[in-house]
Amino acid sequence: FESGQVVREGDVLVELDRLTEEADLRSALARAELARANLARMDELSSQLIMSRSSYDSALAAKKEAEGQVDAIRSAMAKKVIRAPFSGRVGIRQIQLGQFADVGTPIVTLQSVDPVHVDFTLPERLAAAVHPGMPVRVTSDGMPGRVFEGALTAVSPEVDASSRSLKLQATLTTGGALLPGMFARVELV
């Protein structure tokens, strides 16, 4: 991805090196194929009562174990592909091609820029008067003269104990004009 690029949900952002897992997968697939062939032979012999039930059970267990190893390797490989969890705009890239990335290494921020969620508070004395669906108007110094309209989409079920205020969230469609983190004035209508 490029810094500032718009991405869609599911787009691949980063692929980590999977060469070791790909080699392990080829080996595990060969073991699984052998286990399936052995089980088929054991199944034929078992139907002719030429072998013990425990030998057949061992072959069945070996097949299931080999298939489980294949699934585990595929799962590990899938975890090495990082996809956008939602549509939005990526920030500035924090890793470079070929860089070693440890667990927890920041890669990039991803922000949903349209619609935008605006979090705000009201004094607790107004709690009984607010409900989802109420219209809101938002202005920002970053976009002087423009008024953005939306609706109240969430009301916290608790009052903040330290500030005695109610937390609310409104959702607006701004065409990307308002950015996450901007200061805004909210008018609940």
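When reading the values below, keep in mind they use all heavy atoms of this one structure, side chains included, and skip hydrogens, waters and symmetry mates.
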Note, [X] side chain near [Y] side chain (heavy atom, < 4.5 Å):
X	Y	answer
R83	V14	no
T121	D160	no
D141	R185	yes
L122	V130	yes

Hey, does the side chain of [X] reach the backbone of [Y] with a donor-acceptor pair shorter than 3.5 angstrom?
X	Y	answer
S140	F183	yes
T153	Q169	yes
S87	E9	yes
Q69	A66	no
D114	G175	yes

> Is a side-chain donor-acceptor pair under 3.5 Å present for D24 with S27?
Replying inline: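 Side chains of S27 and D24: no pair found under 3.5 Å.
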>> Take a 6.0 Å sphere around CZ of R93 and say whether it holds more than 12 heavy atoms from other residues, nucleotides or ligands.
In response: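 Enclosed.
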> Should we say atom NZ of K80 is surrounded by more than 12 heavy atoms from elsewhere, each under 6.0 Å from it?
Replying inline: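 Counting other residues, nucleotides and ligands, NZ of K80 exceeds 12 neighbours.
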Look at the side-chain heavy atoms of Ile, Leu, Val, Met, Phe, Trp and Tyr, link any pair under 4.5 Å apart, and say whether [X] and [Y] land in one connected group.
X	Y	result
L166	V186	yes
L34	Y56	no
V90	L16	yes
F86	V7	yes
V155	L172	yes

Within this structure, what is the [atom1]-[atom2] distance for the pair [X] and [Y], rounded to the nearest 0.5 Å?
X	Y	atom1	atom2	answer
E124	S163	CD	OG	9.0 Å
M143	L178	CE	CG	7.0 Å
L60	S55	CG	OG	12.5 Å
M134	L188	CE	CG	4.0 Å
Q99	Q94	CD	CD	10.0 Å
D11	F1	CG	CZ	12.0 Å

Considering non-hydrogen atoms only, spot the tightest contact between [X] and [Y] and give its length.
X	Y	value
P106	I95	O-CG2, 3.4 Å
S112	P180	O-CG, 4.0 Å
L25	M77	CD2-SD, 3.9 Å
A84	L110	CB-CD2, 4.1 Å

> Where do L168 and L152 land on the side chain to side chain contact (heavy atoms under 4.5 Å, CB included) test, with the steps shown first?
Replying inline: CA-CA 7 Å; L168 304 138; L152 184 63; 3.7 Å; yes
> Could you give all pairs that pass the side chain to side chain donor-acceptor pair (under 3.5 Å) test and reach residues 128-139, with sequence neighbours left out?
Replying inline: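 Of all non-adjacent pairs touching residues 128-139, those that pass side chain to side chain donor-acceptor pair (under 3.5 Å) are R137-E187.
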>> Quick one, M182 with V138, criterion side chain to side chain contact (heavy atoms under 4.5 Å, CB included). Give me CA distance, side-chain angles, the key distance, then yes/no.
In response: CA-CA 11 Å; M182 285 180 129; V138 175; over 6 Å; no
>> Tell me whether K63 is salt-bridged to E67, with the criterion being a basic N under 4.0 Å from an acidic carboxylate O.
In response: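 A salt bridge is present here (some side-chain N lies under 4.0 Å from a carboxylate O).
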> Given the rule in the side chain to side chain contact (heavy atoms under 4.5 Å, CB included) test, do L179 and R89 qualify, once you have shown the distances and angles that lead to the verdict?
Replying inline: CA-CA 10 Å; L179 301 175; R89 183 179 300 150; 4.2 Å; yes
> Got a sec, which residues hit salt bridge (Lys or Arg N to Asp or Glu O under 4.0 Å) with E65, two or more places apart in sequence or on another chain?
Replying inline: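 For E65, no residue satisfies salt bridge (Lys or Arg N to Asp or Glu O under 4.0 Å) once neighbours in sequence are set aside.
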